[in-house]
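Take a look at the structure set out below.
Whatever order the structure lists ligands and atoms in, that order sets their numbers, starting from 1. The first residue of the sequence shown is numbered 1, and numbering continues consecutively from there.
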Amino acid sequence: MSKEVGRGFHDSTMRSVRILLATTNQGKITELKHIMGEQLEIIGLGDRTEEIETGLTFEANALLKARHYHRVSQLPTIADDSGLEVEALDWAPGVYSARYADPGTGDAGRIARLLDEMKGLVGQRRNARFTCAAAIVWAGGEKVFLDRVQGVVLESGRGANGFGYDPIFLYEPLGKTFAELTATEKSEVSHRGRAFRRLAAWLNESRLLDTPRSGDRIVATAD
Ligand code: ITT
């Protein structure tokens, strides 16, 4: 893990609370900087060696990641577990979205595998959704927010923005794939934007951020 961790969330007296974002995914880091804005200085983890996404749901995996790095860092820790789900494939790739093809093949390999699995599927059988679980774990408790966005898997990719499965995910209300949206447009409608805006709103309401620092530990109560 990087020795540096996120530092941000200034309250009205400009005390700051450090929050760690536990992700190794550069695409997520870029988007979360956008979504959380000035509130949070986000530092990614770098490489991760341990396999800690052993859960069967997005919520379980987001909490596993956040709990693990909270234990390591003793800081309030945010983690995202997300993925693409295709109903006609029994919701695959789902929580296995990042592990859907050989690690060396990257996003292109995962897209190729998915398009292959979906060969012959037409119309509503190409419906899909992105899901994101945004978890926060701190000394006093934990919370997780889940949100989704519906779309359609195209037969070939369009656009160069974003990451992961974005080029093949058509967001019908805008008639564009996620890879054809700007970062602002994507965060307004995406699973991650929706889940993390709810987490950010809860953080602001919860008074967790107003808690003065006591060393690196924050004492607060989950509702
Ligand atoms: P961390 O666990 O370190 O955060 P990861 O990439 O392994 O990074 P996940 O286990 O949550 O993260 O897997 C998410 C995968 O789902 C990601 O690698 C993409 O393939 C896909 N995905 C999630 N959100 C996406 C998005 O907004 N656009 C495109 N693909 C996305």
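With respect to the salt-bridge test (charged N to carboxylate O, under 4.0 angstrom), the residues K119 and D116 qualify. Ion pair D80/K65 not flagged as a salt bridge, since none of the NZ, NE, NH1 or NH2 atoms sits closer than 4.0 Å to an Asp/Glu carboxylate oxygen.
Below 4.0 Å from some heavy atom of G83 lie the following atoms of ligand 1, by number and element: 16 (O), 23 (C). Taking every heavy atom of K186 and a limit of under 4.0 angstrom, the matching atoms of ligand 1 come to 26 (C), 27 (O), 28 (N). Listed by number with element, the atoms of ligand 1 under 4.0 angstrom from any heavy atom of T23 are 1 (P), 3 (O), 4 (O), 8 (O). The distance from ligand 1 to the heavy atoms of G164 drops below 4.0 Å at these ligand atoms: 29 (C), 30 (N). Counting the atoms of ligand 1 from 1 in the order shown, those under 4.0 Å from a heavy atom of D81 are 9 (P), 10 (O), 11 (O). Those atoms of ligand 1 with a heavy atom of H191 less than 4.0 angstrom away are 24 (N), 25 (C), 26 (C), 27 (O). Listed by number with element, the atoms of ligand 1 under 4.0 Å from a non-hydrogen atom of Y165 are 20 (O), 21 (C), 29 (C), 30 (N).
Side-chain contact of S187 with R192: a donor-acceptor pair under 3.5 Å is absent, judged by distance alone. Side-chain contact, R158 with T177: no donor N or O sits under 3.5 Å from an acceptor N or O. The closest side-chain donor-acceptor pair between H191 and S82, if any, does not fall under 3.5 angstrom.
Grouping Ile, Leu, Val, Met, Phe, Trp and Tyr by side-chain contacts under 4.5 Å, direct or through others, puts L154 with V152, L170.
At least one heavy atom of K65 lies less than 4.0 angstrom from ligand 1. Not a single heavy atom of L84 sits under 4.0 Å from any atom of ligand 1. Distances shorter than 4.0 angstrom do not occur between any heavy atom of G162 and any atom of ligand 1.
The shortest N/O to N/O separation between T24 and ligand 1 falls below 3.5 Å. Polar contact with ligand 1: absent for R110 (N/O pair, distance under 3.5 Å). Considering backbone and side-chain N/O atoms, D107 never comes within less than 3.5 Å of an N/O atom of ligand 1.
In this comparison of F130, Y96, F58, F169, the heavy atom closest to atom 31 (C) of ligand 1 sits on F130. The residue among F163, Y100, F178, Y69 with a heavy atom at the shortest distance from atom 25 (C) of ligand 1 is F163.
A cation-pi arrangement is absent between R197 and W202, since the terminal nitrogen or guanidinium carbon is not both under 6.0 Å from the aromatic centre and inside a 45° cone about the axis.
If you look at F130 and F178, their ring centroids are closer than 6.0 Å.
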